[in-house]
> 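Please read through the structure below; I'll follow up with questions.
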Protein chains: 2
Amino acid sequence: MHTDKIRITHQREVILETLKAVKTHPTADELYDMVRRQLPRISLATVYRNLEWMSEQGIVKKIEVGGRQKRFDGNIMPHYHIRCVECGKVDDVECDFLVAANQIPDTINGYRVLGHSMELQGICPDCNLKKVSS
Amino acid sequence: MHTDKIRITHQREVILETLKAVKTHPTADELYDMVRRQLPRISLATVYRNLEWMSEQGIVKKIEVGGRQKRFDGNIMPHYHIRCVECGKVDDVECDFLVAANQIPDTINGYRVLGHSMELQGICPDCNLKKVSS
DNA sequence: TTATTTGCAAAAACTTTGCTGATAA
DNA sequence: TTATCAGCAAAGTTTTTGCAAATAA
């Protein structure tokens with residue numbers, strides 16, 4: 001993907017606005033469904049291409065965690081996530097108690113360290129209810 | 001998958017031995033290639049089914065991190081990983097400096113917390129070399 | 001003996017890509 | 001005007017599933 005001249009297309013704007021507007025961490029096809037309400041003719045490929053491109057640009061963040069599908073986050077401030085192992089939903093976590101990120105060396109096992117991510121796994125309130133009532 | 005009567009099949013033994021024997025964190029198809037040297041007629045579906053089943057049983061661990069494919073770890077002791085963003089390789093990390101796991105509450109945002117995982121992202125020595133020399 | 005597991009092939013799920021027409025600048 | 005981008009469809013990649021034959025117990 002060239003970076004010579006970047007265009008602000010309508011699709012690109014709507015995808016970004018939509019992602020920024022939600023506090024969830026949608027997959028490409030979830031975002032596609034949301035965006036389609038404004039742009040009924042948009043294609044899933046465009047959503048994929050733009051999410052990939054925006055995460056390369058650092059405009060959004062590709063969530064590097066478990067689960068089947070990739071998820072995206074409009075919040076690029078450092079923070080961690082908790083994922084429901086039943087339904088796959090991902091929420092933000094307040095994490096004062098967790099990692100002292102500034103203690104992470106910039107070289108480990110010969111790797112040049114670029115970043116880190118932390119995922120808690122759990123069962124969300126909704127899925128907890130379903131399990132209790134079944 | 002029923003759990004009424006569990007059979008110790010030859011395939012299951014070889015898959016587990018092979019995974020335990022390596023210090024890498026192979027994907028299903030990497031493990032398939034390794035196992036096939038001993039069991040040339042085994043199918044990839046069997047590898048997938050058994051890895052899934054063994055991770056449900058807690059015999060092995062499915063690595064909940066980024067990257068395209070799922071990876072599996074024969075080491076079920078708690079530890080963290082570093083993944084090369086260039087080639088996808090995953091190594092273990094010594095992590096005294098990282099998370100105080102016992103500080104993680106067992107309820108967060110209404111989620112019942114089951115576990116956590118941490119991934120560092122970086123560039124491995126091999127890929128670093130390739131980048132320097134190109 | 002018989003219920004579980006395998007191998008195979010097909011399908012499903014998710015993501016990327018090639019191409020042509022549309023469009024931002 | 002024109003190089004970038006979108007839409008569409010097709011292909012690629014990874015994982016799961018149905019079913020008949022094989023097999024562990």
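Chain letters run A, B, ... following the sequence lines, proteins first and then strands; every chain starts at 1. This is a predicted model, so every value here is computed, not measured.
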> According to a strict under-4.0 Å criterion, is Thr9(A) in side-chain N/O contact with OP1 or OP2 of dC5(D)?
no

> Where the side chain of Asp29(A) meets the backbone of Leu44(A), is there a donor-acceptor pair that is under 3.5 Å apart?
no

> On a plain distance test, is the side chain of Arg12(B) in donor-acceptor contact with the base of dT5(C) below 3.5 Å?
no

> What's the CD1-P distance between Ile15(B) and dT5(C), to the nearest Å?
12 Å

> How long is the span from the CG atom in Leu19(A) to the CD atom in Glu17(A), to the nearest 0.5 Å?
11.0 Å

> Would you confirm whether Arg12(A), through its side chain, and Arg7(A), through its main-chain N or O, come within 3.5 Å as a donor-acceptor pair?
yes

> Of Tyr48(B) and Gln11(A), whose closest DNA chain D nucleotide lies nearer the 5' terminus?
Gln11(A)

> Taking it one step at a time, do Glu56(A) and Lys62(A) satisfy salt bridge (Lys or Arg N to Asp or Glu O under 4.0 Å)?
CA-CA 9 Å; Glu56(A) 281 166 11; Lys62(A) 198 193 292 183; over 6 Å; no

> Whole angstrom is fine here: how far is it from NE2 in His10(B) over to P in dA22(D)?
19 Å

> Roughly, in whole Å, what's the span from NZ in Lys62(B) to P in dT14(D)?
16 Å

> Once you round it to whole Å, what is the distance between P of dT16(D) and CG of Asp29(B)?
13 Å

> In whole angstrom, what separates Leu44(B)'s CG from dA10(C)'s C1'?
14 Å

> When Asp73(A) is tested against each of Lys23(A), Lys20(A), His81(A) for side chain to side chain donor-acceptor pair (under 3.5 Å), which residue passes?
His81(A)

> Can you find an N or O donor on one side and an acceptor on the other, under 3.5 Å apart, linking the side chain of Arg49(B) with the base of dT16(D)?
no

> Starting from the 5' end of DNA chain D, give me the residue, Ile8(B) or Gln69(B), whose nearest nucleotide shows up first.
Gln69(B)

> Just how far, in rounded Å, is P of dA24(C) from CZ of Arg7(A)?
8 Å

> Using OP1 and OP2 only, check whether a side-chain N or O of Ser43(A) sits under 4.0 Å from dC8(D).
no

> Expressed in angstrom and rounded to an integer, what is the separation of Asn50(B) atom CG from dA24(D) atom P?
13 Å

> What nucleotide, of dA13(C), dG7(C), dT15(C), holds the atom closest to the side chain of Arg68(A)?
dA13(C)

> Given dT16(D), is OP1 or OP2 found less than 4.0 Å from the side-chain N or O atoms of Lys70(B)?
yes

> Rounded to whole Å, how long is the line connecting atom CH2 of Trp53(A) with atom C1' of dT16(C)?
18 Å

